[in-house]
Amino acid sequence: MHEAYLEGVLALVEAVPVGSVTTYGDVAAMVGAGGPRQVGTVMARHGSGVPWWRVVRADGRPAQGLVEEALSRLDAEGVPVADGRVRMVQARWHPSAAEVAEHLGRVEVLPGGR
DNA sequence: GCCGTGACTCGCA
DNA sequence: CTGCGAGCCACGG
């Protein structure tokens with residue numbers, strides 16, 4: 001994979017505010033390339049330096065193999081968790097397109113539109 | 001180039 | 001609710 005992709009994914013994960021979470025699919029969509037699996041691969045290999053526990057699966061469950069670790073950290077940050085899964089409706093991160101572009105390190109959306 | 005694999009997702013039974 | 005299968009994209013053998 002290209003290094004820019006890796007940087008983009010990690011930058012977005014670091015941008016997720018405390019108390020919120022995002023999903024692999026959302027990150028992939030925000031980066032605008034690859035898919036959920038690519039994000040998962042990036043996190044597995046290079047996610048040790050970012051708040052990886054704020055990235056969960058679409059159903060609100062943490063990544064397999066790190067469930068306890070993630071739930072522990074999420075709960076400590078005040079993320080709404082119920083029965084082992086994050087309440088996505090409440091905790092999902094909804095950044096504006098401009099904000100996403102900002103974190104990606106490049107402007108892809110012009111302010112003011114068209 | 002085919003095949004298996006993965007920190008994924010969605011639809012259907 | 002759970003499980004299964006197919007689709008998904010990129011990487012490594």
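All values derive from a computational prediction rather than experimental measurement. Hydrogens, waters and symmetry mates play no part in the numbers below; they use all other heavy atoms, side chains included. Chain A is the first sequence line, chain B the second, and so forth, proteins listed ahead of strands; every chain is numbered from 1.
Pairs of residues two or more places apart, or lying in two chains, that qualify as side chain to side chain donor-acceptor pair (under 3.5 Å) and include a residue from residues 60-70 of chain A are Glu69(A)-Arg73(A). Screening residues 79-96 of chain A for side chain to side chain donor-acceptor pair (under 3.5 Å), with sequence neighbours left out, gives Asp26(A)-Arg92(A).
The separation between Met43(A) atom CE and dC9(C) atom P is 21 Å, rounded to whole Å. Rounded to an integer number of Å, the gap from His46(A) NE2 to dA10(C) P is 15 Å. For the pair Tyr24(A) OH and dA10(C) P, the interatomic distance rounds to 18 Å; values are reported in whole Å.
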Using a 3.5 Å cut-off and no angle test, enumerate the donor-acceptor pairs between side-chain atoms of residues 10-19 of chain A and protein atoms at least two apart in sequence or in another chain.
none

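Residues passing the side-chain contact (heavy atoms from CB on, under 4.5 Å) test with Leu66(A), sequence neighbours excluded: Trp52(A). Partners of Arg57(A) under the salt bridge (Lys or Arg N to Asp or Glu O under 4.0 Å) rule, at least two apart in sequence or in another chain, are Asp59(A).
Rounded to a whole angstrom, the distance from the C1' atom of dA7(B) to that of dG13(C) is 22 Å.
Residues from residues 48-66 of chain A lying near DNA chain B, meaning a heavy-atom separation below 4.0 Å, are Trp52(A), Arg57(A), Ala58(A), Ala63(A), Gln64(A), Leu66(A) in numerical order.
Atom-to-atom distance recorded for Met88(A):CE and Thr22(A):OG1 is 7.0 Å, nearest 0.5 angstrom. To the nearest 0.5 Å, the span separating CG on Asp75(A) from CH2 on Trp53(A) amounts to 14.0 Å.
Within the 4.5 Å cutoff, no side-chain heavy atoms of Val9(A) are placed close to those of His46(A). Proximity of Met30(A) to His103(A): side-chain heavy atoms (C-beta onward) are nowhere separated by under 4.5 Å.
Residues Tyr24(A) and Ala63(A) share a closest heavy-atom pair of OH-CB, 3.1 Å.
Using a 4.0 Å cutoff to heavy atoms of chain A, the contacted part of DNA chain B runs 5' to 3' from dG6(B) to dC10(B).
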Which nucleotides of DNA chain C pair, in dot-bracket form (Watson-Crick or G-U under 3.5 Å, | meaning another strand): .||||||.|||||
